[in-house]
Amino acid sequence: MFKNSANTVIRNYAKTSIKVSKKLGILGVPFSKGQGKTGVDLAPDFLRENGLLTMLNKCNVSISDYGNLKLETHVTSEDNSPYKRIKNYAEFMACNKALIPRISEVLNENDMFLILGGDHSIGFGSVAGHLLHTPNLSLVWVDAHADLNLHSTSYSGNIHGMPVSLLLKELRKYWLQADLYQFAPKCLPADQLVYIGLRDIDPFEDYILNKLNIKAFSMDAIDRFGISKIMEMSLDALKPYNKIHLSFDIDALDMYVAPSTGTPVRGGLTLTEGLYITDALRVTGRLQGIDVAEFNPALGTGDDLESTLNATMRIIRKACADREGKLTGIKENVINLSKELNEK
Ligand SMILES: NC(=[NH2+])NCCC[C@H](N)C(=O)O
Ligand SMILES: [Mn+2]
Ligand SMILES: [Mn+2]
């Protein structure tokens with residue numbers, strides 16, 4: 001098995017010599033109610049203001065920016081929510097129901113899409129929408145957390161810790177009252193999911209990872225085998241003709257690299273490892289959807305913010321572009337924003 005995997009990687013890398021520049025559709029989803037901290041909704045515009053589009057243009061990516069998903073402003077009552085333990089369930093559903101059909105619209109006009117979160121609960125709508133367009137899909141979830149809780153197993157009630165359980169075929173039976181078949185009829189088989197970077201898992205998540213035999217590469221595994229071996233094993237686990245969705249929670253990165261995030265965990269990926277993962281997926285030529293979630297520009301000092309912004313931009317560039325351009329103009333904007341936030 002491992003002999004083949006090395007060949008797979010070499011073959012995949014060889015494909016990069018055919019440089020087809022892909023069309024990229026970008027959509028911001030400024031949703032923050034999947035967890036308790038404000039500010040993660042600022043990320044899409046903050047990334048744009050700090051030169052996201054210019055950076056990608058310099059790398060010859062042709063972009064259509066669809067702006068931000070409009071979120072319902074009048075709050076629906078939680079009284080008739082079927083899952084009382086989940087915080088902001090109605091808002092979560094409204095946002096994701098709006099997001100799901102947008103993915104096909106964006107993919108009909110582009111080769112790839114990039115969703116700018118928002119907290120990671122938007123990963124549900126992004127992947128569910130992707131599955132509607134491309135049912136033969138594999139999911140790579142890069143995260144310190146498994147985000148695999150059920151409404152009934154979550155300690156926090158935060159739905160950013162649950163999106164994967166809403167997506168998995170094997171767990172749908174626990175979400176009957178969510179009426180998922182109506183707006184998210186396609187789901188993901190557990191054997192087409194790979195986790196990378198895990199290091200903070202709840203007991204139920206651990207149980208279900210084992211029970212469903214889900215490929216999960218923890219930080220321990222990465223430290224032990226090295227990231228290149230982990231990527232070989234990851235790609236080997238996925239069907240070779242499937243398109244790939246990468247859902248990147250920036251808290252997968254070490255908290256020294258990406259401190260401006262709501263649930264940081266120590267002992268994470270170096271930026272080099274994060275970029276390696278992203279590159280290994282992009283060069284397969286099958287990467288079709290990307291989420292970048294949990295960047296919260298309102299958290300941390302000016303230095304934290306600069307580091308997190310830089311890491312996030314570089315992950316995005318690696319996912320979307322064959323070439324690297326220069327990052328410019330970031331520093332001034334960071335200084336201005338941290339001044340502004342301190343004055344509040
Ligand atoms: N997307 C995230 N950062 N998720 C953190 C989840 C933390 C915890 N497992 C919970 O369910 O509340
Ligand atoms: Mn996380
Ligand atoms: Mn996450």
Side-chain angles (χ1 to χ4, degrees), residues 29-41 43 83 85-89 92 95-96 99 115-128 139-168 171 174-175 188 193-209 214 216-219 222 245-269 273-274 277-278 289-300 308 311-312 315:
V29 186
F31 185 73
S32 64
K33 300 282 180 70
Q35 46 85 63
K37 295 177 184 167
T38 52
V40 70
D41 47 312
Y83 303 116
R85 296 184 55 194
I86 301 180
K87 297 170 189 157
N88 310 314
Y89 177 79
F92 163 80
C95 168
N96 283 279
L99 175 55
I115 299 297
L116 306 171
D119 70 59
H120 215 175
S121 64
I122 57 102
F124 164 59
S126 177
V127 178
L139 173 61
V140 180
W141 197 271
V142 180
D143 204 324
H145 312 93
D147 296 346
L148 193 51
N149 272 302
L150 301 176
H151 51 90
S152 52
T153 67
S154 163
Y155 294 123
S156 64
N158 291 332
I159 202 161
H160 78 154
M162 309 179 206
V164 183
S165 85
L166 285 154
L167 290 165
L168 284 186
L171 297 180
Y174 301 108
W175 287 103
L188 189 85
L193 167 63
V194 171
Y195 282 107
I196 303 174
L198 299 184
R199 59 195 183 278
D200 181 7
I201 293 174
D202 296 335
F204 169 77
E205 296 180 313
D206 192 34
Y207 167 79
I208 213 74
L209 286 173
I214 294 172
F217 298 111
S218 63
M219 282 315 299
I222 296 167
H245 185 112
L246 165 63
S247 203
F248 201 114
D249 181 330
I250 63 132
D251 71 29
L253 297 168
D254 193 83
M255 53 189 281
Y256 293 102
V257 180
S260 294
T261 190
T263 46
V265 192
R266 20 182 357 153
L269 298 168
E273 286 168 335
I277 294 168
T278 314
I290 304 140
D291 317 318
V292 175
E294 299 285 346
F295 172 25
N296 187 334
L299 296 177
T308 315
T312 308
I315 293 289

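Start at 1 and go down the list; that is how both ligands and their atoms are numbered.
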Please tell me if the side chains of [X] and [Y] come closer than 4.5 Å, counting only heavy atoms from C-beta onward.
X: Val140; Y: Ile196; answer: yes
X: Thr261; Y: Thr308; answer: no
X: Val265; Y: His145; answer: yes

Just to be sure I understand the cut-off, which residues have at least one non-hydrogen atom under 4.0 angstrom from an atom of ligand 1?
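Those residues closer than 4.0 Å to ligand 1 by some heavy atom are His120, His145, Asp147, Asn149, Ser156, His160, Gly161, Asp202, Asp249, Asp251, Thr263, Glu294.
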
Can you tell me how far the CG atom of Asn296 sits from the OG1 atom of Thr263, to the nearest 0.5 Å?
10.0 Å

Would you find a donor on one side and an acceptor on the other, under 3.5 Å apart, between the side chain of Asp254 and the backbone of Gly267?
yes

Taking only residues two or more places apart in sequence or in another chain, which ones pass side chain to side chain donor-acceptor pair (under 3.5 Å) with Ser165?
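Applying side chain to side chain donor-acceptor pair (under 3.5 Å) to Ser165 gives Trp175.
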
Tell me whether the count of non-hydrogen atoms from other residues, nucleotides or ligands lying under 6.0 Å of OH in Tyr174 goes above 12.
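At most 12 heavy atoms, drawn from other residues, nucleotides or ligands, come within 6.0 Å of this atom.
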
Shell check on the Mn ion (ligand 2): protein N, O or S atoms less than 2.8 Å away are Asp143 OD1, His145 ND1, Asp249 OD2, Asp251 OD1, Asp251 OD2

For a quick check under 3.5 Å, do Asp291 and His120 share a side-chain donor-acceptor pair by atom type?
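No donor-acceptor contact under 3.5 Å links the two side chains.
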
Considering residues at least two apart in sequence or located in another chain, which fulfil the side-chain contact (heavy atoms from CB on, under 4.5 Å) criterion with Ser156?
Ser154, Asn158

